[in-house]
Amino acid sequence: MLNKKQIRFCLDTMERMFPDAECELVHENPFELVIAVLLSAQCTDVLVNKVTKSLFAKYKKPEDYLEVTLEELEQDIRSIGLYRSKAKNIRKLCQVLLEQYDGEVPNTIEELEKLAGVGRKTANVVASVAFGVPAIAVDTHVERVSKRLGICRWKDSVLEVEKTLMKKVPEEEWSDTHHRMIFFGRYHCKARNPECPECPLLVICREGQKRMRKEEKERQV
DNA sequence: CTCCCGATAT
DNA sequence: ATATCAGGAG
């Protein structure tokens with residue numbers, strides 16, 4: 001596990017690598033953001049943006065999603081995976097927004113998490129990006145990067161990873177850190193071919209060093 | 001835990 | 001061919 005100084009080194013290095021990291025889901029308001037993040041489960045941002053471009057042109061308000069049939073909505077988001085459950089969740093979510101929140105998106109993590117298709121991670125993203133609530137959403141990238149670097153333990157659950165990050169990162173840096181870790185995971189410390197040889201964090205990364213040793217060993221065979 | 005699931009990179 | 005992608009619900 002990394003100590004305080006090493007974690008500081010990680011945060012500073014990621015800031016240098018990705019100074020402008022921010023939410024890459026294209027949206028113009030909190031409602032569009034909720035839909036976009038809900039759609040982004042197990043799917044790349046690039047594809048989500050491709051779909052929401054036409055989707056948001058057709059559906060502006062919660063009412064719009066309820067005026068078409070479920071099948072039509074499914075077809076409009078079909079190129080995204082998991083489209084049947086996502087279409088159902090969007091409709092449930094829109095119903096609740098209209099019935100309980102006057103058509104507006106709630107601005108607390110607790111309220112957001114109650115919405116259909118909105119779990120811990122999505123609630124954190126929306127609260128943080130749309131409403132400036134300090135939060136660290138732990139997605140696949142944040143989890144992988146935290147575990148590889150040794151910020152948390154391999155066996156930790158996503159909730160434990162989130163708790164650890166909130167404890168070890170100053171609150172005023174939560175939002176930026178969250179986005180930088182995603183960029184770091186998406187473009188550098190990738191799931192498949194992490195760029196360990198050129199990684200400025202290799203000096204403190206046990207997983208990276210392990211991978212380098214393994215590569216060296218295979219080269220000798 | 002399993003299921004949902006198409007697009008893309010490797 | 002297979003792993004992976006800003007996960008969540010049952």
Side-chain angles (χ1 to χ4, degrees), chain A residues 14 18 20-27 30-56 70-71 73-97 105-106 109-131 133 135-148 155-162 165 174-196 207 211 215 218:
Chain A
M14 287 187 206
F18 304 102
D20 304 316
E22 59 182 358
C23 180
E24 294 199 302
L25 294 167
V26 178
H27 64 282
F31 178 58
E32 287 190 354
L33 180 63
V34 179
I35 303 292
V37 182
L38 187 157
L39 289 174
S40 73
Q42 295 292 289
C43 174
T44 60
D45 279 14
V46 178
L47 186 58
V48 172
N49 288 334
K50 213 174 282 181
V51 169
T52 55
K53 189 175 181 184
S54 49
L55 191 73
F56 292 162
L70 181 59
E71 290 70 28
L73 180 55
E74 283 179 353
Q75 287 314 305
D76 288 336
I77 64 170
R78 198 189 59 80
S79 58
I80 300 229
L82 319 179
Y83 64 92
R84 279 188 290 228
S85 39
K86 284 175 183 175
K88 269 180 204 156
N89 284 333
I90 288 174
R91 288 174 62 108
K92 275 191 211 165
L93 180 148
C94 288
Q95 270 178 25
V96 174
L97 287 188
V105 177
I109 294 170
E110 300 81 72
E111 295 297 305
L112 284 163
E113 217 176 338
K114 291 181 192 166
L115 301 172
V118 178
R120 182 79 190 171
K121 178 251 164 182
T122 302
N124 275 327
V125 172
V126 175
S128 169
V129 174
F131 302 115
V133 177
I136 300 184
V138 178
D139 65 3
T140 180
H141 298 300
V142 175
E143 181 180 6
R144 183 179 64 252
V145 168
S146 299
K147 290 184 176 180
R148 278 183 179 167
K155 59 171 191 175
D156 285 349
S157 65
V158 283
L159 196 59
E160 287 170 328
V161 176
E162 183 186 327
L165 287 170
W174 284 358
S175 178
D176 284 337
T177 298
H178 155 73
H179 287 113
R180 284 170 195 153
M181 286 183 83
I182 286 176
F183 272 55
F184 182 74
R186 186 181 290 162
Y187 302 116
H188 188 87
C189 189
K190 297 171 287 186
R192 288 202 186 171
N193 284 24
E195 298 178 13
C196 301
E207 178 65 17
R211 282 170 177 271
E215 261 186 45
E218 284 168 359

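All chains are named by letter (A, B, ...) in the order of the sequence lines, taking the proteins before the strands, and each is independently numbered beginning at 1.
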Heavy-atom check, side chain of Cys23(A) versus side chain of Leu33(A), under 4.5 Å: yes

[N] [atom2] sits how many Å from [X] [atom1], rounded?
X	N	atom1	atom2	result
Leu38(A)	dG7(C)	CG	P	12 Å
Tyr187(A)	dC5(C)	OH	P	13 Å
Leu33(A)	dA6(C)	CG	P	15 Å
Leu25(A)	dA6(C)	CG	P	9 Å
Asp139(A)	dT4(C)	CG	P	15 Å
Glu32(A)	dA6(C)	CD	P	20 Å
Glu113(A)	dG7(C)	CD	C1'	12 Å
Phe184(A)	dA6(C)	CZ	P	16 Å

Less than 4.0 angstrom between a side-chain N/O of [X] and OP1 or OP2 of [N], yes or no?
X	N	answer
Arg186(A)	dA6(C)	yes
Thr140(A)	dC5(C)	yes
Lys190(A)	dT8(B)	no

Letter per nucleotide, 5' to 3', of nucleotides 1-6 of chain B [B base touched, S only sugar-phosphate touched, - untouched; heavy atoms, 4.0 Å]: ---BBB

Partners passing side-chain contact (heavy atoms from CB on, under 4.5 Å) against Ala137(A) (at least two apart in sequence or in another chain):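 Here the qualifying residues are Lys121(A), Asn124(A), Val125(A), His178(A).
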
For Ser54(A), side-chain contact (heavy atoms from CB on, under 4.5 Å) partners two or more places apart: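 By the side-chain contact (heavy atoms from CB on, under 4.5 Å) rule, Ser54(A) matches no residue at all.
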
Parallel, tilted or perpendicular: rings of Phe18(A) and Tyr187(A) (30°, 60°):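 Taking Phe18(A) first and then Tyr187(A), their aromatic rings sit tilted (interplane angle of 30° to 60°).
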
Nearest heavy-atom neighbours spanning Pro30(A) and Phe131(A): CB-CZ, 3.8 Å

Arg78(A): partners by salt bridge (Lys or Arg N to Asp or Glu O under 4.0 Å), with sequence neighbours left out: none

Partner residues of Glu111(A) under the salt bridge (Lys or Arg N to Asp or Glu O under 4.0 Å) criterion, sequence neighbours left out: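 Only Lys114(A) meet the salt bridge (Lys or Arg N to Asp or Glu O under 4.0 Å) criterion with Glu111(A).
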
Qualifying side-chain hydrogen bond (donor to acceptor under 3.5 Å, both in side chains) pairs, either residue in residues 40-51 of chain A, two or more places apart: Asp45(A)-Arg186(A)

Out of dA6(C), dG7(C), dT2(C), whichever nucleotide has its closest atom nearest the side chain of Arg192(A): dT2(C)

Separation between the [atom1] atoms of [N] and [M], rounded to whole Å:
N	M	atom1	result
dT10(B)	dA6(C)	P	13 Å
dC5(B)	dC5(C)	C1'	12 Å
dA3(C)	dT2(B)	P	15 Å

5' precedence on DNA chain C between Asp45(A) and Leu115(A) (nearest-nucleotide basis):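 Nearer the 5' end of the strand: Asp45(A).
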
Sugar-phosphate, base or nothing in reach of Val118(A), heavy atoms under 4.0 Å: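 Counting heavy atoms under 4.0 Å across all strands, the contact made by Val118(A) is with sugar-phosphate only.
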
Touch class at under 4.0 angstrom, heavy-atom based, for Lys88(A) against every strand present: nothing

